[in-house]
Amino acid sequence: MNVLTSIVVALNTLANALGWLLFPIGLLPGWLSATLVAIFTGIAMLVMFKYTSNQRAIKRVRRDIRANVLAVKLFKDSAWVGLKAHGRVFLGAFRLLLLAIVPILVMTIPMVLLLAQLGAWYQAAPLPVGEETVVTVKLNGEPNTPMPALELAPSDAIEDLSGPVRVTSQREVCWNIRAPQPGYHRLTFQIDGQIVEKEIAVGSSEMRVSPIRPAWNWSDALLYPREKPFERESVVKSIEIAYPERDSWTSGTDYWVIYWFIVSLGAGFCLRGVLKVNL
Amino acid sequence: MNRFLVPFLLAVLSVGLEPGRAAAYIGPGAGFAVGGSFLVMFAAVISAFAMFLSWPIRFLWRLFFRKRPPKRPQFKRVVVLGLDGLDHGLTVKLLAEGKLPNLAKLQTQGCFRALGSTLPPISPVAWSTFQTGVNPGKHNIFDFLIPDEKTYQPKLSSVEVRPPRRALTLGKYRFPLGKPDVRLLRKSKPFWSVLSDYGIFNCVLRVPITFPAEKLHGVQLSAMCVPDLRGSQGTFSLFTTRKRKEGAKTGGDVQVVERKGNIIRGELIGPDHPLRKDRGPLKVSFTVTVKEKDLAELAIDGARYELRNGQYTPWVSVCFRTFPRVKVRGVCKFMLLATEPEFELYATPVNIDPENPALPIGYPAVYPVYLANRQGSYATLGLAEDTWGLNEHVLEDEHFRQQCLDHDREREEMFFDALENVPRGLCVCVFDGSDRMQHVFWRYHDAQHPARPAEAPTEHANAIEALYTRMDALVGRTMAKCAGTDTLLMVLSDHGFTTFRRGVDLNRWLEENGYLVVDDARRGEDYLAGVDWSKTRAFAIGLTGIFLNLKGKFAQGIVDPEIEAEKLRAEIAEKLATLVDPANGTHAFRRIYQAQKAYRGPYTDQAPDLIVGYESGYRVSWDAAVGRTSTAVFHDNMKAWSGDHCVDPSVVPGILFCNHAIHGENPRLLDRAPTVLGVFGVPAPDYMDGRVLAVEAK
């Protein structure tokens, strides 16, 4: 899994570098940016599907399925013919599924990277100016064993309201903080002479948010790509900021994925004729 | 490799299985797969469920409410395999030589008989009689062409396409308010319509004179007289850099194109613009890039095709755009004929696209679409094989033969699909490539044919025999498909074949005998253009008919139907019967028939007044057939079209094979419809002229 995490981290570096392409999200209303991104993604996926799938075979199978569907209608006098035609439709659907495997596999990598980038925009809202929130630092090591000294370095951008609260059984340390100034800031922690950082987004506009600086784990690294994960040997496992949720059916927390999925799929299906893609 | 692949696949799987938003991380790719396959499966499950729920209801409905035949059917299924033009005499000969093993087997199992054709023995007439069981006086089809009573211009005898009556004119556009009226002029009722009344399922494939397709219980695909997209019966295109000779005529559309380096650009001509008032033709541009001497690439309508010398492309889909969102779709095949010294590219007539038919070529309308999805595109043109291309020396024999083979292959595929899908009921399929092949390859079969080269090319010397053996193999495969089922299999032809060595210009003969007056300067013009109707009493047009210029029937008629007509008919018939070919001293005609005596029925008046029954070796000349008048009565036939059947019916009987004995003297094509009805236990309607021949029980 170490190798896999390293691969994910490397891919994240690339995705973050390309992530600036999504900057218009910060300028547009959430519903509009979510719609446009979904449409563009649908088109991009359609093109990828076209060039990574066996279009001829898909076309052949599709025609065969259509023929069998029509056979059911045309030869409905014979139950046996109808049965055979239905069987062939099932077989055709299964063959379509097989033919879609390669493009799905190829598309998965860029899709996951893109979605992780989009997640940074839509999954959470930035911390409003003056609002309180909780920062949790999770430490490596066995539960209920002594924890190292950990301090949140003072900063003009952050007010430390209370903390640290230590939960030894969970090996967690929490702070209640408030951010008086908008913008991207860095929380700096000192632990056994070592310094670790976490980005915090403060403001009321559309901002890219990284709720977790993840542990050395490929799935967490995949889902939270904005910050480099902590090394396996690091004392700190992860740092998490409790951001507020975004409230929107199109670009709100969790809903954005559903909206994106439906719109990108719809765009793909609508434009398949224009782009001459057999799905 | 596995070191990376396994974690990758695990990652994909994990991401896919992870709940919440990660579930969608597989993205639209997976969505496409879901849309593409799971939805299909889901729809199929619902459909299957609906089918099983509704089937008992439909079964009970049919059981209680269907009109039931008074007698039990003798067989569950009747299969009629029509092999257009298979000749009785030649079949007998080849059977005796042991070259038709499958037909011999069929003969042993059941019977082999000569099948009497119709008067005249030509396909539209014969197949109309086959399907209706009536004589031409009742079905109204007497020839391919009939003269228009107002203009004398020839028109198709079986179908009439009228544009919509009302239209909205906006600037240069004219928007039709309604659909064109496509009418089948064949009268009476096909026997499959009678079977339909009894709820018996019918599959009727490519039987001539079924366009536009009529409603029936079952499925139907039309054939002969289905036009190409230009509305003609088949106009090929030739794109050439060769300068065209002045006055040169072809049966197709020849376009002189320019070659710039290796690039040749051209335009494929389609139908007339349906919305513009000036009705200019619609066109699709294409580009050919010559790569090697025998290799080029065709780019048309967004697709690319490889062109190899002497090889047809697959069906190429072409889309003629008339207006935003209004398209007319067609299919055609291209063939590179030469790249140097001159470039030549041939395109078949643009067939109606079976997947998006512009005209009603099948019933129900989705049946042609079903077939196109099942087997790919196919020829929809009535006379699909391009005999004009061969006649005009645009195509070579082998190119033509390849077309016939390709079309037969398509036909066989749809026929066998029908055999699979119709376990009970009627299944009729006509293969007409056999007719076309005999028309053009007979010159190699007939050693005395004037169009035969000094040495017949070895590959085509036995083309006719090879055709018969190929048809025999088809019969063998059909028998195998029918084996083990309760099927009555009939293999029949509508007429036989004979040689066509000499053409008779009937109009010249009528002119020489004072019945027709033509302006000498205009005698070469088509469609009787130079005829002086005020002085003409009789004229010939079409393949076998002579018409009297009757008052009351034709716009400029001068022959009184009551006083003069009968005498004139008798007089012409008597004189014609004595006509001798000066080249060899033989009679050109076996018998001249008067329609009033030969036919009975309400449409007899529409028939030519006289029907000419030619002797073997003779036929109407090429000029007379299209209404031209030459300067000699007899002509050598120098065209590739060298075999024919437009002769006396006694010269060209067809064939009838059946896997069960059929009793009765001299079976005729006319008897097929009532006989098949009888096999299904359905009484033949009184209007049918044919007899019910007894078919031996199982």
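Letters go in sequence order (proteins before strands), and every chain restarts at 1.
Residues B:Arg58 and A:Lys76 share a closest heavy-atom pair of NH1-O, 2.7 Å. Residue B:Tyr370 comes nearest to A:Ala71 through the heavy atom pair CE1-CB, 3.7 Å, listed as atom of the first residue, atom of the second, then distance.
Residues B:Pro423 and A:Val81 form a side-chain contact, since some pair of their non-hydrogen atoms from C-beta on lies under 4.5 Å apart. Side-chain contact between A:Asp77 and B:Arg424 is absent, with no heavy-atom pair separated by less than 4.5 Å.
The choice from B:Ser54, B:Cys203, B:Ala372, B:Pro364 that makes the most heavy-atom pairs within less than 4.5 Å of chain A is B:Ala372. When each of A:Arg63, A:Lys84, A:Met48 is checked for heavy-atom pairs under 4.5 Å with chain B, A:Arg63 comes out on top. Among A:Lys276, A:Arg95, A:His86, the residue making the largest number of heavy-atom pairs under 4.5 Å with chain B is A:His86.
B:Ser285 is linked by a side chain to side chain contact (heavy atoms under 4.5 Å, CB included) to B:Glu267, counting only residues two or more places apart in sequence or in another chain. A:Trp31 meets the ring-ring contact (aromatic ring centres under 6.0 Å, His included) test with no other residue; sequence neighbours excluded.
Summarising the local packing, OH of A:Tyr255 is surrounded by 12 or fewer heavy atoms from other residues, nucleotides or ligands at distances under 6.0 Å. For A:Lys50, the NZ atom is densely surrounded, since the number of other residues' heavy atoms within 6.0 Å is greater than 12.
Residues of residues 242-253 of chain A placed with any heavy atom under 4.5 Å of a heavy atom in chain B are absent; none qualify.
B:Gln375 does not touch chain A: none of its heavy atoms, backbone or side chain, sits under 4.5 Å away. For a residue to count as touching a neighbouring chain, one of its non-hydrogen atoms must lie under 4.5 Å from one of that chain's; by this rule A:Leu83 touches chain B with backbone and side chain alike.
Residues B:Arg374 and A:Asn68 have side chains that bring a donor and an acceptor to within less than 3.5 angstrom of each other.
Under the ring-ring contact (aromatic ring centres under 6.0 Å, His included) criterion, the residue pairs touching residues 102-126 of chain A are A:Tyr122-A:Trp256, with sequence neighbours excluded.
Note that CG of B:Asn373 and CG of A:Asp64 are 9.0 Å apart. Values are rounded to the nearest 0.5 Å.
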Report the C-alpha distance between B:Val219 and A:Phe75 in whole Å, list the side-chain angles of each, state the deciding distance to 0.1 Å, and finish with yes or no for side chain to side chain contact (heavy atoms under 4.5 Å, CB included).
-> CA-CA 8 Å; B:Val219 293; A:Phe75 304 102; 4.0 Å; yes
